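Notes follow the structure.
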Amino acid sequence: MTSSDATFMVWLMLDVRNISLPSLFSDLSFSLAQREMLLIRGTNGAGKSSLLRMVAGLIRPSSGTLFWEGQKIQLSAYQQSLLYSGHSLGLHPEALLKDQVNLWHYHYRVEKKVIEAALHIWGIAPFANQKIQHLSQGQQKRLSLSRLHSLARPLWILDEPHSSLDAEGRKILEDTLARHLERDGLAILASHEKQPGMREICL
Amino acid sequence: MKFTLAKPRYFFKITNFLFPLALVLGALCFAAGLYSALVTSPPDYQQGDAMRIMYIHVPASWMALFCYGALALFSLFVLVWRHPFAEILAISVAPIGALFTVLSLVTGSLWGKPMWGTYWVWDARLTSVLVLLFLYGGYWALYKAYAHSAQGIRAASLLALIGVINLPIIKGSVDWWNTLHQPASITKFGGPSIHPSMLLPLGLMTAAYGFYFLVLFILRARTELNKRKLLVQGNLS
Amino acid sequence: MISRELYNAYLHKGSLLSTFAFFALALFCVSLTLGPNETLLRQSAPGLIWILAILTIFFSTPLLLKREAQCGLLDEILLHPSLTSTYLLSKVMAEYLFIALPLALMSFFLSPLFALSSVETLSLLLTLLIGFPALSALGILGSLLTLNTQGGGLLLSLIILPLTLPLLIFGLSVMEMTRLGLDSFPSFCLLMGSSLFLLILGVTAGCWALPFAAER
Amino acid sequence: MKPKHQRFLIISLGLVGLGIAIFLVSIAFRDNLVFFYTPSDLSQKKIHPEQRLRVGGLVEKNSLKREGQKVTFHITDHAKILKINYTGLLPDLFREGQGVVVEGHLSEPDLFQAETVLAKHDENYMPKEVANKLKEKGLWRDDR
């Protein structure tokens, strides 16, 4: 039972009030309660990634504010409770897979066995001694997404998680997202595909 | 870049009034200054006529430092308050400052030949003014290196603010190290050690430089503003 | 964070080889072209070694950082709870261990190429070791500023070299003094003072530059 | 530890560093960095003969002897005298009683072979007539 299965007792609520970015979007507001998933859809270059990066606190909006758990976000505490997975996967191409595990161990101060357990779930554990750049794009994506299991973070911000995943990968992703929501988690996805029955914002 | 029209229209209003005034006053001061510098003012007791270069060299150096100070101030506005109009002011002032620095360096070394016996000596004051020129160059290169000017200006502004440390070094370099360059004559405590008859042309020339700067600055700022307007309307790539 | 950075640098030791090769090769070429005339070598050696060390750092740091940025690691660092300044300091320390020390040792062992006496090589080693932290801090700052541009090492040197001048001048005056046998203490203090100041300046400006560089 | 403490620690560390840097720089300026040596400096310090250095001082009155291109004169800092010989054109600012900086090397303990002569200029600018008037009144202090 990896640590990420614990349910989140705290009352969680993300509230975004009329944030705007020059020439992309302005006065955009939305809020996200527990067990809710939001889909951001839009054409290429519509600002999906910028919006996600702003919600993750990487870019400062030119106007508007974000609220987490009711108060204005305090950046370092807020970023402790979110997990951002962007287009670039955050991996070291030259490193071996097990080096990447060590790096995450140092970076996120998470037990190595937790990370390895997550690798098993995503089915990439056998490639431990391979260089990451030799893995296929799909395998690298799985490795990057394995952090969803190894880190217990209530708010997930995923930028096109479905891209370059095969059918099996997508299934694992769907299950993880479903289980995350059951445990009162929140998730914001940016994607091209239309997800049936999910709240969405079009940019 | 969303175009805040409030500030620029206000700028156009003042410059419509200020521009011709600065032009006329500048021309007047320049003429008076040149006349008094070259004709009426007496030669120096030591250097004779070689000293007249001072009337070009000293105001140019002051203007070079002044322009960098203004550039640093605008950069502060760009970084702290993210003011789009400050970007236009900063880009307008930078090349003018570089121009004055080059002028100051050239006239300085021309003056050095008769006075010190060499065009260039690695002396604290001269080196730091050369560094100032490199800072201007670095600022411009960094600004132009970025595709989006909004990003470029912020990177360049940070560089300008870091470079501010160079200004006190230039000012103080003369009295910290007993350098070849003579210490400040005007800002001495015991009052300027320049004879009044030479102070007048210097003052006039400085005023002329000031107006010249104003004219150039307003011209550059307006062209930059108009360029942005056209950019926003989309018919200028 | 520091252990992460050290481990990270340890991982990339392969690419550091090219940096050392560049430095060694440059030293060979310089001492070769200067010819056998000993006094000329002795006088020009300190300056040249210093300039080559600065250029090596200014051309190797942007490569490392550009690779990290492309893999999206800058976002990961920004999201990390610790301050960006701790990241920058640990990066400077990692670079110090993995680039600065080898370079200093190499110039120490290659000093016979420049016919430097023992006391001069010692002072050369000392000044390099003092100057390097500030150099890597400025190098990182410069590469952050030029990350999203095509300029690379060239643009970085253009904008940052003016800032390294005090290090160069005071470092050389220390070596000049030791060569003359005069007391090099005042310029030694100046070197340490300006190196410390530039290190702090580089790190604080870097704190602003890191989130700026992460914005595509 | 909480980010606020971390931030406070880092900022105070930075300020302490700045203090040390300024303190170091001020130590150096107590015995100020020299652009050129004075004759008295030279006598104390042992200098290698072939080492290039700069020496500054005032040209001693009527010590200027000129044979064609070769020029010899003495410079002094009111403590020591140093004999200089130099071949070449002197800058027109060069005059007895005037500050000068010479570059070259010390061939013998008190003979300096100068390669370049730079005339140092103090900061007063004054027309000739005023300078002459001052001289008559005896107010003029020629050497500093």
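Throughout, a chain's letter reflects where its sequence line sits, starting with A, and its residues are numbered from 1. Just so it is clear, the structure is predicted and the values come from calculations on it, not from any experiment. Just so it is clear, the values below take in all heavy atoms, side chains as well, and ignore hydrogens, waters and symmetry mates.
Contacts between residues 153-162 of chain C and chain B, defined by a heavy-atom separation under 4.5 Å, are made by C/L155, C/L158, C/I159, C/P162. Residues of residues 156-165 of chain B lying under 4.5 angstrom from chain C, judged on non-hydrogen atoms, are B/L158, B/L159, B/I162, B/I165 in numerical order.
Interface check for chain C: of the options B/L142, B/L130, B/L79, the most heavy-atom pairs under 4.5 Å are formed by B/L142.
Interface remark: C/L145 contributes backbone and side-chain atoms alike to the contact with chain B (heavy atom separation under 4.5 Å). Neither the backbone nor the side chain of B/L132 comes within less than 4.5 Å of any heavy atom in chain C.
Within 6.0 Å of atom CZ in B/F134, 12 or fewer heavy atoms from other residues, nucleotides or ligands are found, so the atom counts as exposed in its surroundings. Around CZ of B/F213, the count of heavy atoms belonging to other residues, nucleotides or ligands within 6.0 Å exceeds 12.
Heavy atoms only, all atoms of each residue included: B/Y146 and C/N148 are closest at CE2-CB, 3.9 Å.
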